[in-house]
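Accompanying notes for the structure given below.
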Amino acid sequence: MVRIVETEAYVPGDAASHAFRGETARNRSMFLRRGHAYVYVIYGRSYCLNVSSETPGVGAAVLLRAAEPLAGVELMEARRACHDGRLLCSGPGRLARALGVTRWHDALDLCARGPLWLAAGRPPEAIGTSVRIGLTREAARPLRFFDAASLVLSGPRRLNEHKP
DNA sequence: AAGAAGATTCGCT
DNA sequence: GCGAATCTTCTTA
């Protein structure tokens, strides 16, 4: 279980969004009702976990960039082959890896008690914003959020519970 | 059918 | 700090 600490938004009409050019086989879950998982492979090495954030048919999602490990740390360390708490979930790919999230989790409803879900957390008042990072387009938009700790995420309990 | 680009990570200098 | 690794998807010929 982790507390989400940093996220980044990809909104409708956003040239940097995977959904910008319409729905495809890969980004299909971005168009699901808000609260569904959108998982994709980046640079052939890492998975990125997003949460769809709009009404059905509208492509938008929030990328989970970093989190704070709360429970099941041993398992996450095993998946990541890393024993530095600071680095365990600091980065989209690292976070997904630590939670054992793969393409298998794509399109899951994160608002239902399934293998992966979101729980209500803190109110959004204290959330800070900044520009997005690592982008080549639309990079200057203030759609990156810090201390976005309003959600708690629970993942699979066993190592490699969900293979790709 | 082929090629370039990409919301990253890791290791080496 | 920089560059390679690595592969899927979309674009262009």
Side-chain angles (χ1 to χ4, degrees), chain A residues 2-55 57-69 72-73 75-108 110 116 118 124 127-151 153 155-156 159-160 162-164:
Chain A
V2 304
R3 186 195 327 278
I4 298 168
V5 179
E6 183 184 339
T7 65
E8 208 162 70
Y10 292 87
V11 297
D14 186 345
S17 172
H18 286 172
F20 185 59
R21 288 176 181 80
E23 186 174 338
T24 66
R26 175 174 70 155
N27 67 20
R28 188 173 326 288
S29 39
M30 286 186 81
F31 293 78
L32 296 174
R33 193 185 66 249
R34 61 177 69 89
H36 286 74
Y38 166 46
V39 184
Y40 69 93
V41 180
I42 184 67
Y43 293 110
R45 4 184 93 235
S46 317
Y47 289 101
C48 286
L49 172 60
N50 302 249
V51 183
S52 67
S53 55
E54 271 292 344
T55 46
V58 180
V62 171
L63 169 67
L64 274 34
R65 295 202 67 90
E68 173 190 341
V73 175
L75 181 51
M76 291 193 277
E77 288 182 338
R79 289 205 189 91
R80 289 262 298 113
C82 163
H83 295 276
D84 185 332
R86 275 260 132 71
L87 296 174
L88 198 54
C89 299
S90 64
R94 297 204 262 239
L95 171 58
R97 177 71 79 97
L99 289 170
V101 166
T102 69
R103 207 35 205 172
W104 185 92
H105 298 82
D106 188 61
L108 280 182
L110 302 182
L116 185 70
L118 294 163
I127 297 177
T129 65
S130 176
V131 296
R132 294 182 293 188
I133 58 179
L135 300 193
T136 55
R137 288 181 300 199
E138 297 276 3
R141 296 232 224 164
L143 293 172
R144 181 170 166 229
F145 304 95
F146 301 104
D147 302 320
S150 55
L151 300 169
L153 192 66
L159 192 61
N160 296 327
H162 302 300
K163 298 267 173 100

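Residue numbers start from 1 in every chain, and the chains themselves are labelled A, B, ... in the order their sequence lines are given, proteins ahead of strands.
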Using a 4.0 Å heavy-atom cut-off, does A/Arg45 contact any base of the nucleic acid, only the sugar-phosphate backbone, or nothing at all? base
Nearest-angstrom distance from the residue atom CG of A/Leu95 to P of B/dA7: 18 Å
Given that both distances must come in under 3.5 Å, which nucleotide forms a Watson-Crick or G-U wobble pair with B/dG6? C/dC7
Check: A/Gly57 main-chain N/O paired with A/Arg33 side-chain donor or acceptor under 3.5 Å: no
For chain A and DNA chain C, what are the first and last nucleotides along the strand, 5' to 3', with at least one atom under 4.0 angstrom from a heavy atom of the protein chain? C/dA5 to C/dT11
Length of the line joining A/Ile42:CD1 and B/dA7:C1', which is rounded to integer Å: 6 Å
Centroid-to-centroid, A/His18 to A/Tyr40, below 6.0 Å? yes
Output yes when a side-chain donor or acceptor of A/Ser52 lies under 3.5 Å from a complementary backbone atom of A/Gly35, and no otherwise. yes
Considering just the side-chain nitrogens and oxygens of A/Arg80, establish if one lies under 4.0 Å of OP1 or OP2 belonging to B/dC10. yes
Work out how far the P atom of C/dA4 is from that of B/dA4, and round it to whole angstrom. 16 Å
Heavy-atom closest pair, residues A/Ser90 and A/Ala66: CA-CB, 4.2 Å
To the nearest Å, how far apart are A/Arg137 CZ and B/dA4 C1'? 13 Å
Whole-Å gap separating C1' (B/dT9) and CZ (A/Arg79): 18 Å
Classify A/Ala25 by what it touches in the nucleic acid, base, sugar-phosphate, or nothing, heavy-atom distance under 4.0 Å. nothing
Without decimals, in angstroms, what is the distance between A/Leu87 CG and B/dC10 P? 8 Å
Whole angstrom is fine here: how far is it from CZ in A/Arg21 over to C1' in B/dG6? 12 Å
Would you call A/Ser17 and A/Met30 a side-chain contact if the rule is heavy atoms closer than 4.5 Å? yes
By nearest nucleotide on DNA chain B, pick out whichever of A/Leu135 and A/Arg94 is the more 5' one. A/Leu135
Side chains of A/Thr7 and A/Leu63, heavy atoms from C-beta outward: is any pair under 4.5 Å? no
Length of the OH-P vector between A/Tyr10 and B/dA7, whole Å: 7 Å
Between B/dT8 atom P and A/Glu6 atom CD, what is the distance in whole Å? 11 Å
Grab the two heavy atoms, one from A/His105 and one from A/Ala37, that are nearest each other, plus how far apart they are. O-CB, 3.4 Å
